[in-house]
Number of protein chains: 2
Amino acid sequence: MKNEDEPKDKRVKAADAQKLTMAEVAKYVGVSAMTVSRAFRQDASVSEETRKRIMEAVDALGYVLDLSAGSLSSRRSGFIAALVPSINNSNFSDTARGITDALENTGLQLLLGYTDYSAEKEERLIEAMLRRRPEGIILTGGSHTDRARRMLDKAGIPVVETWEIPEEPINHVVGFSNSEAMSLLVRALANQGYRRFGYIGGTTARDTRGSQRRSGFLKTVEELGLGPGRVISFGVPPITMEQGGQAVVSLLERWPDTEVVLCVSDLSAFGAIMECKRRGMNVPVDIAIAGFGDYEISSICHPSITTINVDCYGIGQQAAVRLLDAVHGGGSMGDEITLTGYKVVLRESTNRGGT
Amino acid sequence: MKNEDEPKDKRVKAADAQKLTMAEVAKYVGVSAMTVSRAFRQDASVSEETRKRIMEAVDALGYVLDLSAGSLSSRRSGFIAALVPSINNSNFSDTARGITDALENTGLQLLLGYTDYSAEKEERLIEAMLRRRPEGIILTGGSHTDRARRMLDKAGIPVVETWEIPEEPINHVVGFSNSEAMSLLVRALANQGYRRFGYIGGTTARDTRGSQRRSGFLKTVEELGLGPGRVISFGVPPITMEQGGQAVVSLLERWPDTEVVLCVSDLSAFGAIMECKRRGMNVPVDIAIAGFGDYEISSICHPSITTINVDCYGIGQQAAVRLLDAVHGGGSMGDEITLTGYKVVLRESTNRGGT
DNA sequence: GGACAGAATGGTAGCGATAACAATCCGGAA
DNA sequence: TTCCGGATTGTTATCGCTACCATTCTGTCC
């Protein structure tokens, strides 16, 4: 059935390839373009025999489907957009991995962007993403510019906000209360007998999750009658390991009798612990230190670091699953909140008895 | 000049918005769609006055450009594809960040995928990416399946391979010799007087950079007359911090007099150091340990970790810049090799005098 | 034997933008 | 005044695919 008056070699030059179209594949096989299009989808009704012949031709010619044309026609872009504050933070890259994994074999492609913890950059990214007509979008946190909210609203696609519980959710939320999680950690440590609490975090409110953790800390220390909490703000969020080290020095200079220091993340906690050891202090005997996020480093570090374990991967995965439900359900989405778990992980760095 | 017989409210419902098209914006303003299209590009010739009116309408209506339609017509997708082994490894996420940053304000969008160190997954991802007709593609390493090579060849787009120097490069390369880098580290440590060298790496060749580092290690130890090198293979690459800890235990059980242990990455080195400390050993007095990659952790850790500093961010950035040159230069690309720097960073973990 | 259901395939008309070319307008030079 | 060139805007024809509907061809049932 092959088109014999236009013999094709198995090897086609790149120049040809660039303009190889579905119609040419169809001509080569001797069917219509429509049939070739159907052969690429599993649901369509094409006889096995025809599909096989088409796929052989696709292979021989080296044809690659053009989804940009397809999505224009079908009005389905096949994209899901996701914005995370940083791709270099393993908590968020775990979330990104959760999203990607959930999207595997769904035919959906992830468009990933990072906002650098900036609402303005988020706004620009949202616009850039919407130009690709994603079928859904996953955001981190609930702080967005007005224009961003308007654009999302008009786009009419399902939105999932993650990693925290916004005061005014857009659609669905997959996350947990950072404030309550930090509160749980404070109480757990107070239970162990700690009384004089310090806290290390960044200087601005850019990192809303960080701010929530701090306010959870302050509120709980107060509630337990142990206030006021001793807070050191150091560095633009997200604060680094090194800044954690510098901050703990400031904190101990100012309040030398501090018993336990909670940090906005494990990274700063690690930096703080290492700086203390470098200065000859014994953690946890001289000073106890805890983090947040349960990064890989915290279970390996010596001393291992007390922290809050958060289901980063699960946040991404569940957000994607919710979005898939909505996309397959016709683009509408219930405005529910999916709470993800967290738990205190007590380790050596806050062991009152010493290591 | 507004179209008065079809009054529009400033607020348009989401349902309307979804089908808002450039032609409707044009009608609203009283110009042709072509003029609206031009107004969105800075190079085009539209009078300032008209552009302003159009942009006001765009704002009022909440119109968002549809790039999927535009790219079909202009035959420029505006995508750059990049594949990294893992998004959770900070070395590669630094590279991804370098790419994204270089792409900012170029109007190009990054399509990011991770291969999980698998050539098969890479092949699937390459196909998925090519369906979006990227204008260029950045890969990690030089190991690709035959079909992947064929697809890339036929796609006729510039390809940049990164992070190593492939034996048979496809187009451009931005990277360094992992073997020579490791060799340099071995020599630096031999210079310090170390004689009995151990090595910790993964079990398979999936991670080609890891394999290259190992062979660089073995070759150099041999050349220095210090061979054979003591190699422990443990865990499927990329090996974790924890596996680094387990591996160093095996290594010291088998060769208790080992003086210095080189690890395939800083992460395993960190795990090894922490495990040693946990067992009461003093690093570097009892055993010296070095890593590869100069992750943030290595300068903060106590003891700080000797390693090879690699310009991860620069690799991504330069790869993107090369690709941009090629894209703007009409899609062709010289098959050059851009060598990126690396350097030995000697720190406490291999300090012969002790910390 | 004719009608008909169902499977497989084909034809046509867009999807929403842009390339390419045509048309219009304007002021200044001849 | 007339003509010309540059700036601005409009018209038309795709880009490569898929939705939608029409058509063909079986085999089955009464």
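So that the names make sense, note that chain A is the first sequence line, chain B the second, and so on, each numbered from 1. What you are looking at is a predicted structure, and each value in this text was computed from that prediction instead of being measured.
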Using 4.0 Å as the upper bound for N to carboxylate O, is an ion pair formed by A:Asp66 and B:Arg131? no
Tell me: [atom1] of [X] to [atom2] of [N], nearest whole Å?
X        : N      : atom1 : atom2 : value
B:Met22  : C:dG16 : CE    : C1'   : 8 Å
A:Leu72  : C:dC15 : CG    : P     : 9 Å
B:Arg132 : D:dG16 : CZ    : C1'   : 14 Å
B:Arg133 : D:dG16 : CZ    : P     : 9 Å
B:Leu67  : D:dC15 : CG    : C1'   : 15 Å
A:Glu49  : C:dA8  : CD    : C1'   : 12 Å
B:Phe40  : C:dA17 : CZ    : P     : 9 Å
B:Arg131 : D:dG16 : CZ    : P     : 17 Å

In chain order, what residues pass the ring-ring contact (aromatic ring centres under 6.0 Å, His included) check against A:Tyr117, with sequence neighbours excluded? none
Residues forming a ring-ring contact (aromatic ring centres under 6.0 Å, His included) with A:Tyr313, sequence neighbours excluded: none
Quick one: which protein N/O atoms are closer than 3.5 Å to N/O atoms of nucleotides 6-13 of chain D? Pair and distance per line, please.
| unit_1 | atom_1 | unit_2 | atom_2 | d |
| --- | --- | --- | --- | --- |
| D:dT9 | OP1 | B:Ser47 | OG | 3.4 |
| D:dT9 | OP1 | B:Thr50 | OG1 | 2.5 |
| D:dT9 | OP2 | B:Ser47 | N | 3.0 |
| D:dG10 | OP2 | B:Ser32 | N | 2.8 |
| D:dG10 | OP2 | B:Ser32 | OG | 3.0 |
| D:dG10 | OP2 | B:Thr35 | OG1 | 2.7 |
| D:dG10 | N7 | B:Arg38 | NH1 | 3.4 |
| D:dG10 | O6 | B:Arg38 | NH2 | 2.5 |

By side-chain contact (heavy atoms from CB on, under 4.5 Å), B:Ser71 pairs with (sequence neighbours left out) A:Ser68
Excluding sequence neighbours, so at least two apart, what forms side-chain contact (heavy atoms from CB on, under 4.5 Å) with A:Lys121? A:Tyr114, A:Asp116, A:Ser118, A:Arg124, A:Leu125, B:Glu104
Regarding B:Arg76, tell me which of base, sugar-phosphate or nothing describes its non-hydrogen contacts under 4.0 Å with the strands shown. nothing
Across all chains, not counting sequence neighbours, the salt bridge (Lys or Arg N to Asp or Glu O under 4.0 Å) partners of A:Arg147 are A:Glu123, A:Glu127
Looking at B:Ser71, I'd like to know whether one of its side-chain N or O atoms comes within less than 4.0 Å of OP1 or OP2 on D:dC15. no
